[in-house]
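Written below as structure tokens is the structure these notes are about.
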Amino acid sequence: MTSEAVTFDAANDDVVQCPYPHYRKMRDEAPVLEMDGALLGRHGERLFAVSRHEDVKRILHDPTTFSSEFGSSAANASPELRARMKEVYANGWPNVSTMLTEDPPSHTRYRRLVSLAFTPRRVALLEPDIRRICEELVDGFEQAPRVDFLEKFAVPLPIAAVATILQVPDTRRADFKKWADSSVAAIGRIISDDERIAAETDIVEQQHYFVSELEKRRADPQDDFLTDLLNAQLPPDDDGVDGEPLNIPEMLSIIRQIQVAGSETTASLLNDLAVQLAQHPEEWDKLKADPDRAGKVVEEGLRWASPNQGLFRIVREDTEVAGTAIPKGSTIWVMYGSADHDDRVFDDPEAFIPDRERLNSHIAFGHGIHFCLGAALARLETVIALKVLASRIDTMSVVEPDSLRYGSSFILRGLEHVELDVTYQ
Ligand code: HEM
């Protein structure tokens with residue numbers, strides 16, 4: 001078989017439901033596959049999909065050659081849609097690029113400033129809140145034998161955790177959920193122009209909310225993340241990082257990034273973990289007997305599910321990956337999901353094995369300078385979630401496992417619906 005025969009159609013439902021045989025074929029036969037950019041929403045761009053663990057890691061480690069300035073999906077909008085979006089943002093603040101889509105030294109500045117506010121201490125302090133939220137969510141099952149796990153646990157937990165960091169009061173939680181949904185609406189999905197405008201309108205509403213919260217803290221500083229973000233400042237240094245604090249559009253962009261990156265990814269991980277544990281009762285029993293296994297189970301869940309299946313990089317100079325020449329200006333799709341199923345690194349990669357060797361070699365949180373800012377938070381949430389579930393639930397099984405379906409985003413992979421039959425302890 002020649003590499004010409006290998007294709008990857010992200011819109012094909014068979015591929016969406018189970019991309020892993022396709023990824024394997026790519027890794028084995030065309031580890032650098034040139035694709036039609038339009039298939040991944042990159043119209044008119046030369047796009048190369050890189051699928052092997054070793055190559056993905058090398059690319060992530062070299063931000064000079066492989067830039068993160070891949071822009072937002074707005075960059076691909078038609079001129080008419082862009083004009084409509086401009087009208088919406090006339091009522092808000094400009095959508096500026098920060099951390100995820102920046103390179104050094106700008107990325108270094110954002111990452112250091114945000115790290116002054118999003119500290120390990122602030123994350124660790126969330127533990128009792130997250131435990132309480134998990135307990136309340138299980139209380140909300142009301143001992144019912146059948147539970148909509150996605151609606152009642154996986155989706156609300158990360159939204160409540162991020163809302164707690166951002167100090168969003170209970171009275172605004174429904175709005176916060178709406179804003180979170182609108183913020184991810186266009187990520188890795190093709191949506192209509194009207195849907196896009198509705199989503200951007202919600203985002204402007206969110207901007208107004210957070211600007212008012214930031215202004216309150218300017219007048220009356222609190223011991224919280226928003227105050228620290230507002231006051232974060234660095235001494236100028238030799239890496240080209242200036243000493244300017246963040247301005248309002250930058251803070252809004254960072255808040256939105258934390259909200260977007262922190263909600264759907266973690267919800268997808270929780271859903272896949274619940275399904276895997278329901279389908280591997282021996283693993284569930286081991287977890288109930290030894291809740292400290294939760295850390296291992298979460299790492300294997302991250303590897304197995306890779307809720308962020310891939311992102312982009314822009315090639316800054318003519319280069320080569322795995323023997324394939326890639327010209328300057330091309331776009332690369334770095335496939336974390338494929339890398340984490342690479343049998344060059346993980347034995348029997350499609351199986352869910354928390355005791356596997358090289359468990360920590362997964363790159364579900366990325367690698368290098370863009371390594372996930374929220375990794376510690378995502379781990380804390382999911383480990384506590386498993387511990388609480390294991391202390392409250394005796395048995396779980398998936399209702400109609402054949403009807404489990406993944407949504408169609410090629411970036412954020414997650415189940416659309418998870419119903420469980422449960423018995424309680
Ligand atoms: C299971 C959950 C999560 C997964 C799988 C995940 C995955 C990732 C990945 C793969 C990257 C690297 C992107 C790149 O290489 O360009 C990343 C970056 C990032 N993540 Fe996460 N993430 C998760 C949870 C979170 C949470 C809870 C937060 C909230 C704080 C968060 C915030 C971010 C931010 C802000 C970045 C950009 C960092 C930078 O560019 O320096 N993520 N995440």
Side-chain angles (χ1 to χ4, degrees), residues 50 56-63 66-72 97-115 117-120 122-123 126 130 154 157-166 180 183-184 187-188 225 229 250-251 253-273 298-314 332-340 362-386 409 411-414:
V50 175
V56 168
K57 241 180 130 171
R58 195 198 117 202
I59 289 170
L60 298 176
H61 201 65
D62 178 3
F66 304 100
S67 160
S68 282
E69 291 182 351
F70 51 83
S72 68
S97 161
T98 54
M99 275 178 306
L100 183 71
T101 43
E102 290 291 303
D103 293 331
S106 159
H107 172 267
T108 321
R109 170 178 172 255
Y110 289 126
R111 185 81 191 214
R112 286 190 194 155
L113 283 166
V114 175
S115 300
F118 198 88
T119 56
R122 204 168 286 299
V123 172
L126 284 177
I130 293 177
L157 171 58
I159 291 183
V162 174
T164 306
I165 283 217
L166 298 175
S183 291
V184 296
I187 297 183
F225 169 77
L229 194 65
E250 288 172 332
M251 283 188 273
S253 162
I254 285 161
I255 290 167
R256 185 172 162 201
Q257 232 173 81
I258 287 175
Q259 175 195 36
V260 169
S263 50
E264 202 168 313
T265 46
T266 313
S268 299
L269 175 61
L270 285 164
N271 280 322
D272 271 321
L273 277 169
V298 163
E299 292 312 309
E300 176 64 347
L302 280 159
R303 182 201 69 80
W304 189 88
S306 286
N308 186 336
Q309 288 275 293
L311 269 181
F312 300 108
R313 292 292 187 270
I314 305 295
I332 288 191
W333 187 33
V334 273
M335 301 172 65
Y336 314 110
S338 170
D340 284 343
H362 73 76
I363 47 175
F365 287 127
H367 174 74
I369 63 168
H370 291 276
F371 180 81
C372 179
L373 175 84
L377 175 60
R379 285 180 165 130
L380 185 71
E381 284 176 52
T382 43
V383 165
I384 295 177
L386 290 191
S409 170
I411 295 179
L412 299 176
R413 175 171 169 79

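Ligands are counted one by one from 1 in listed order, and the atoms in each one are counted from 1 as well.
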Do Leu302 and Glu299 have side chains that approach each other closer than 4.5 Å (heavy atoms only, starting at C-beta)? yes

Using the rule side-chain hydrogen bond (donor to acceptor under 3.5 Å, both in side chains), only one of Glu250, Gln257, Arg109 pairs with Thr98; which is it? Gln257

Atom 6 (C) of ligand 1 - nearest protein heavy atom and its distance: Phe365 CD2, 3.7 Å

Is the side chain of Arg313 donor-acceptor paired with the backbone N or O of Ile332 at a distance under 3.5 Å, no angle test? no

Below 4.0 Å from any atom of ligand 1, is there a heavy atom belonging to Glu102? no

Give the residue and atom name of whichever protein heavy atom lies nearest to atom 23 (C) of ligand 1, and the separation in Å to one decimal. Thr265 OG1, 3.5 Å

Nearest-neighbour protein heavy atom for atom 38 (C) of ligand 1, which is reported as residue plus atom name and distance: Arg111 NH1, 3.3 Å

In terms of atom number and element, which parts of ligand 1 are under 4.0 angstrom from non-hydrogen atoms of Arg313? 14 (C), 15 (O), 16 (O)

Do His370 side-chain atoms and Glu102 backbone N/O form a donor-acceptor pair below 3.5 Å? yes

For a quick check under 3.5 Å, do Ser68 and His107 share a side-chain donor-acceptor pair by atom type? no

Would you mind running through ligand 1 and noting each atom that sits below 4.0 Å from a heavy atom of Phe118? 30 (C)

First locate atom CH2 of Trp304, then atom CG of Leu273, and finally report the distance between them rounded to the nearest 0.5 Å. 9.5 Å

Heavy-atom proximity to atom 29 (C) of ligand 1 ranks first, among Val56, Ile59, Ile258, for Ile258

Atoms of ligand 1 less than 4.0 Å from Leu311 heavy atoms? 13 (C), 14 (C), 16 (O)

Find out whether Glu300 and His362 are in side-chain contact, i.e. whether some heavy atom of one side chain is under 4.5 Å from a heavy atom of the other. no

Atom OG1 of Thr382 and atom CG of Leu157: how far apart are they, to the nearest 0.5 Å? 8.5 Å

Please classify the His367 to ligand 1 contact at 4.0 Å (heavy-atom distances, strictly less than): side chain, backbone, both or neither. neither

Pro158 and Ala154: which non-hydrogen atoms are nearest, and at how many Å? CD-O, 2.8 Å

Residue-level breakdown please: for Glu264 versus ligand 1, do any non-hydrogen atoms fall below 4.0 Å on the side chain, on the backbone, on both, or on neither? neither

With a heavy-atom distance limit of 4.0 Å, tell me whether Leu269 approaches ligand 1 through its side chain, its backbone, both, or neither. side chain

Kindly identify the option in Gly262, Ser68, Ser268 whose heavy atom sits closest to atom 26 (C) of ligand 1. Gly262

Do you see a donor-acceptor pair shorter than 3.5 Å between the side chains of Ser67 and Asp103? yes

Any atoms of ligand 1 less than 4.0 Å from a non-hydrogen atom of Gly366? List them with their elements. 10 (C)

Suppose we measure from atom 37 (C) of ligand 1 to each protein heavy atom; which comes out shortest, and what is that distance? Leu100 CD1, 3.9 Å

Determine, considering heavy atoms only, which of Ala364, Cys372, Ala161 sits nearest to atom 10 (C) of ligand 1. Ala364

Check Arg111 against Leu373 and note the closest heavy-atom contact, atom names and distance. NH2-CA, 3.7 Å

Could you walk me through whether Leu100 and Phe70 satisfy the side-chain contact (heavy atoms from CB on, under 4.5 Å) test, starting with their C-alpha distance in whole Å, then the side-chain angles of each, then the deciding distance to 0.1 Å, before giving a yes or no? CA-CA 9 Å; Leu100 183 71; Phe70 51 83; 4.2 Å; yes

Distance from atom 14 (C) of ligand 1 to nearest protein heavy atom, with residue and atom: Tyr336 OH, 3.1 Å

Students should be able to answer this: which protein heavy-atom is nearest to atom 40 (O) of ligand 1, and at what distance? His370 ND1, 2.7 Å

If we number the atoms of ligand 1 from 1 as shown, the ones under 4.0 Å from a heavy atom of Ala378 are 2 (C), 24 (C)

The protein heavy atom nearest to atom 34 (C) of ligand 1 is Leu373 CB, 3.8 Å

Measuring from Ile165:CD1 to Leu126:CG, what's the distance to the nearest 0.5 Å? 4.5 Å

Check whether any heavy atom of Gln259 sits under 4.0 Å from an atom of ligand 1. no

Say whether Ile369 and ligand 1 are in contact under the criterion: heavy-atom distance to a ligand atom below 4.0 Å. yes

What protein heavy atom sits nearest atom 31 (C) of ligand 1, and how far away is it? Ala261 CB, 3.5 Å

